[in-house]
Number of protein chains: 2
Amino acid sequence: MGVTKTEVFTDEHNRIAELAKAFAHPARVAILQLLAQKKACVCGDLVDELPLAQATVSQHLKELKRIGIIKGEINPPRVCYCINEAVWQEARELFGSVLDTFTPNNCC
Amino acid sequence: MGVTKTEVFTDEHNRIAELAKAFAHPARVAILQLLAQKKACVCGDLVDELPLAQATVSQHLKELKRIGIIKGEINPPRVCYCINEAVWQEARELFGSVLDTFTPNNCC
DNA sequence: GATTGTGATCGCAATATTACGATAAAAGTA
DNA sequence: TACTTTTATCGTAATATTGCGATCACAATC
């Protein structure tokens, strides 16, 4: 297999998993952090900051765009990437909804 | 390839990515939520709650245990799984450290 | 000592991910 | 039109992940 059975899980669980995937690779964490702190924005600048080939960075950007957490604005010959504020907020809320509902137990 | 170049990223970025992986699959989100809300604890109960085979659930539990976000206590013939509070807190802090440092921009 | 209940592990198949060189695409510039 | 710059995409290779049936391991119980 290798294919996740998304259809048997709730939409919320699938969405949380998808948003978590955005952060589930160190390069993507680095990209998101650079964009969030506005230390970079243009694709080429991100490539300069990251120890990865241009093709690889572009691929990660594509995945982040697919998830929706970033958006790109073409500014020939450059492309400027930015955090999608609404989705960023969605991530905060969904992660919070899971992480904040932990009640310590004495079960084990 | 298929192998992440962890050595070229910071420890923090790698750790965030690893913790995010815990949430990067809907089954694991469901497991973590069940444990956080204490609606299940024993492995068998988790299997009953999830639409996956026992072997698959066990594998996800192993991965969560490897990451450290859950711990298991053997209680023959059962095994009781619980959230590792310290790591749960670590996740909250690290995710927060990224998600809270977003300053809206007017770049694009 | 055989049986039972519970969970871990093995082995396999299928798909996904990561990485990168090479090349294409797009739009401006000479 | 040719050239340059920047980014996307293609193709490929290697490794990782997901899923499950079958089996193993362990301790309790009969």
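Worth knowing before you read on, the calculation uses all heavy atoms, side chains too, and leaves out hydrogens, waters and symmetry mates. In the text below, chain A, chain B and the rest are named by the order of the sequence lines, each starting its count at 1.
Salt bridge absent: Arg15(B) and Glu12(B) never bring a charged side-chain N and a carboxylate O closer than 4.0 Å. Using a cut-off of 4.0 Å between Lys/Arg side-chain N and Asp/Glu carboxylate O, Lys39(A) and Glu49(A) are scored as not salt-bridged. Salt bridge annotation for Lys71(A)-Glu85(A): absent, with no cationic side-chain nitrogen under 4.0 angstrom from a carboxylate oxygen.
More than 12 heavy-atom neighbours from other residues, nucleotides or ligands sit within 6.0 angstrom of CG on Asp100(B).
Atom pair Tyr81(A):OH and dA8(D):C1' shows a separation of 8 Å (rounding to whole Å applied). What separates NE2 of His25(B) from P of dA16(D) is a distance of 18 Å, to the nearest Å. If you take NZ of Lys71(B) and C1' of dG7(C), they are 20 Å apart, rounded to a whole angstrom. Here dT6(C) presents its P atom at 5 Å from CZ of Arg78(B), a figure rounded to the nearest Å. A straight line from CG of Leu52(A) to P of dA8(D) spans 15 Å, rounded to a whole angstrom. When rounded to the nearest whole Å, the span between NZ of Lys21(A) and P of dA16(D) equals 17 Å. Going from atom NZ of Lys62(B) over to atom P of dT18(D) covers 14 Å, rounded to whole Å. Between the CG atom of Leu61(A) and the P atom of dT17(C) there is a distance of 16 Å, rounded to whole Å.
Contact between Leu99(A) and Arg92(B) at its shortest, heavy atoms only, is O-NH1, 3.4 Å. Of all non-hydrogen atoms in Leu52(A) and Ala27(A), the two that sit nearest each other are CD1-CB, 3.6 Å.
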| query | Can you give one letter per nucleotide of nucleotides 23-30 of chain C, 5' to 3': B if a protein heavy atom sits under 4.0 Å from the base, S if only from the sugar-phosphate, - if neither? | reply | ----S---
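Between the side chains of Glu63(A) and His25(A), not a single donor N or O lies within less than 3.5 Å of an accepting N or O.
Summary of the strand contacts: Glu63(B) and Ala53(B) both lie near DNA chain D, and taking for each the nucleotide with the nearest heavy atom, the more 5' one is attributed to Glu63(B). When each of Arg66(B) and Val79(A) is assigned the nucleotide of DNA chain D bearing its nearest heavy atom, the one mapping closer to the 5' terminus is Val79(A).
Of the candidate nucleotides dA8(D), dT9(C), dA19(C), dT9(C) has the atom lying nearest to any side-chain atom of Ser58(B). In this structure, of dT9(C), dC20(C), dT18(D), it is dC20(C) that holds the atom nearest to the side chain of Thr56(A). With dT15(D), dA8(D), dG21(D) as the choices, the nucleotide that has an atom nearest any side-chain atom of Val3(B) turns out to be dT15(D).
Here the two cysteines Cys41(B) and Cys82(B) have their SG atoms 2.5 angstrom or farther apart.
Val42(B) is not connected to Val57(B) by any chain of hydrophobic side-chain contacts under 4.5 Å among Ile, Leu, Val, Met, Phe, Trp and Tyr, and they are in different clusters. There is no path of hydrophobic side-chain contacts, each under 4.5 Å, that joins Val3(A) to Val29(B).
Residue Val42(A) is in sugar-phosphate contact alone, with no base atom involved, counting any heavy-atom pair closer than 4.0 Å across all strands shown.
When the side-chain nitrogen and oxygen atoms of His60(A) are compared with OP1 and OP2 of dT17(C), none of them lie within a distance under 4.0 Å.
Shown for residues 4-17 of chain B: no residue has heavy atoms falling under 4.0 angstrom of DNA chain D.
Contact of Gln59(A) with dA19(C) (side chain to base): a donor-acceptor pair of N or O atoms is detected under 3.5 Å.
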